[in-house]
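Please read the structure below before turning to the comments.
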Amino acid sequence: MRSRCGDSPYDGRHRDHRRIFAAQMRPSRRWQLRFSLTHPRVRSLRCSPPPRAGGTWITKSLGAGPEASVLTMTRIHKSVREYDVFARKARVDPLHHVGRVVAPDDDLAQAYARATYDEERWVEMIIVPREAVITVTAPGEE
Amino acid sequence: MTKPAPSGVSDLVLSLADCKQLLGLRYAEWCSATPTLEADIAAAAMGLDDLGHSRVLAGCLSELGPDPRGPERETDPAAYRNVAFLDDSWTEWEQFVAANAILDTAFTVMIESLVEGEVEVLRTRLRKMLAEERYHFLHGRSWLNELGSSPSVELAWKEAVEWFGPEGGDLRKRLAAKLERPEPKLEIDWKAWDPVRRRTRPGAIDKRTFDMLRGLEERRYGVVRAETPARG
């Protein structure tokens, strides 16, 4: 039986190893990167918040062959901001916090918020840059 | 009584449906391979949106006159009326961004034009797409600004202009205005333009994608059931 991951019709078609990510990788590297959330090193990278003052970090494959599996990090966005996402399902409901997104600008933050928190039929969704929030009281304060 | 659709509208809608279907599939191919986790999720969401739009557009064909889909779509990949940029899987992130920013927006510009037009079924059914496409546009434009110009962007722009056709001056201006970029100076050989496929470049979608569109790719992974002997 033909394996879904090996013996791919894409095998050997794309030789440019300078690319950052590609959907069509040779099997060994594709396994590692397409299933990056199960790969310990990449999972910790992609599922953790990016450095606050830095940028969004991505992995980059080095080397010229399929055996090259050394991963290093490179910066794709010069700087990113955190946004809190609020939404409500009905006009009578108050807005409530549904999550957060990290993006380099307001446009991408809107697109990411809509794509990530689209599990309900919201009547309203807003995003607020975290830096615009003024803390009145914080946990642990008297 | 509703007015009959002008001739050529069903051909245009089929081309739009094919482009949207291929665009959705190409987005989906990248849904675990983009530079950031958020962009992975956005790729998956946009892929679903565009596959849905394709279904809605194809559903409009029965109300636009004779169906332009012939039996050749089962045997000839060149029967699909997609832009050449979508023929093959993208190997570079910048191709994704070029298609997302330029081609997806070009299709939206055409949908806006159809929504503003006189064909009632298109005026009513396509309106919701514009709300969803807003997020595709924000995503594409932002990443385009991030990456800047590239050969993929230039190619996507050329193919968008070709897809609008030789009479698409207003659409070209609207696309440039939306993207807040000047119209590029392009040399297009309109004599080589295929008015049915709305492109100049020959070629067709790759075999694997063609098989997948016809349901053949999935069958390879299906469970083979042993034939049950007939009861005597």
Side-chain angles (χ1 to χ4, degrees), chain A residues 1-4 8-10 13-25 29-30 33-38 42-43 45-50 55-60 74-78 80 83 100-119 125, chain B residues 25-49 88-97 100-101 104 131-147 180 206-212 217-218 220-224:
Chain A
M1 186 178 163
R2 199 177 159 108
S3 156
R4 190 154 197 157
S8 155
Y10 291 122
R13 282 180 53 200
H14 307 296
R15 301 279 182 191
D16 185 359
H17 299 286
R18 290 170 302 165
R19 63 178 179 260
I20 297 168
F21 271 108
Q24 301 77 36
M25 296 179 184
R29 291 167 67 234
R30 192 182 64 210
L33 292 174
R34 281 183 70 82
F35 298 89
S36 57
L37 297 184
T38 58
V42 183
R43 184 187 166 81
L45 182 71
R46 298 186 77 190
C47 294
S48 60
T56 299
W57 295 88
I58 62 166
T59 55
K60 184 178 184 179
T74 190
R75 197 188 286 255
I76 190 125
H77 296 306
K78 290 186 183 73
V80 290
Y83 296 80
R100 71 178 190 110
V101 291
V102 176
D105 59 45
D106 295 349
D107 284 353
L108 213 44
Q110 288 180 68
Y112 287 163
R114 181 258 177 179
T116 308
Y117 300 105
D118 196 32
E119 73 277 7
M125 177 185 282
Chain B
L25 287 173
R26 299 299 179 220
Y27 281 156
E29 287 174 344
W30 276 78
C31 72
S32 63
T34 75
T36 66
L37 190 58
E38 290 90 345
D40 278 357
I41 297 165
M46 292 190 296
L48 284 171
D49 285 343
D88 294 295
S89 299
W90 304 320
T91 58
E92 305 287 341
W93 172 239
E94 67 177 40
Q95 291 174 289
F96 183 111
V97 173
N100 186 197
D104 208 349
E132 293 175 347
E133 284 294 336
R134 177 171 171 266
Y135 301 100
H136 299 209
F137 170 67
L138 292 174
H139 187 270
R141 187 180 62 175
S142 186
W143 272 105
L144 183 64
N145 291 338
E146 184 85 29
L147 295 188
E180 297 168 346
D206 63 285
K207 182 179 181 307
R208 178 178 163 274
T209 304
F210 185 53
D211 285 351
M212 190 165 61
E217 184 75 3
E218 284 74 10
R220 284 170 38 204
Y221 302 109
V223 177
V224 179

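Computed from heavy atoms alone, side chains included, the values below leave out hydrogens, waters and symmetry copies. Source: prediction; values computed, not measured.
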Residue B:Ala39 versus chain A: region with a heavy atom under 4.5 Å:
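Both backbone and side chain.
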Can you name the nearest heavy-atom pair linking B:Ala42 to A:Ala115, along with the distance?
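Distance-wise, the nearest heavy atoms are CA-CB, 3.6 Å.
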Which portion of A:Asp105 sits near chain B, non-hydrogen atoms under 4.5 angstrom
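For A:Asp105, the side chain is the part near chain B, not the backbone.
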Pairwise side-chain contact, [X] with [Y], heavy-atom cut-off 4.5 Å (strictly under):
| X | Y | result |
| --- | --- | --- |
| B:His139 | A:Gln110 | no |
| B:Trp143 | A:Leu108 | yes |
| B:Phe137 | A:Asp107 | no |

If you apply the rule side chain to side chain contact (heavy atoms under 4.5 Å, CB included), what do you find for B:Arg134 with A:Arg114, and how did you get there?
CA-CA 11 Å; B:Arg134 177 171 171 266; A:Arg114 181 258 177 179; over 6 Å; no
So which residue, B:Leu147, B:Leu48, B:Asp49, ends up with the most heavy-atom pairs under 4.5 Å with chain A?
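Looking at each option in turn, the highest pair count goes to B:Asp49.
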Say you draw a straight line from CG of B:Leu138 to OH of A:Tyr112; how long is it, rounded to the nearest 0.5 Å?
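B:Leu138 atom CG to A:Tyr112 atom OH measures 11.5 Å (nearest 0.5 Å).
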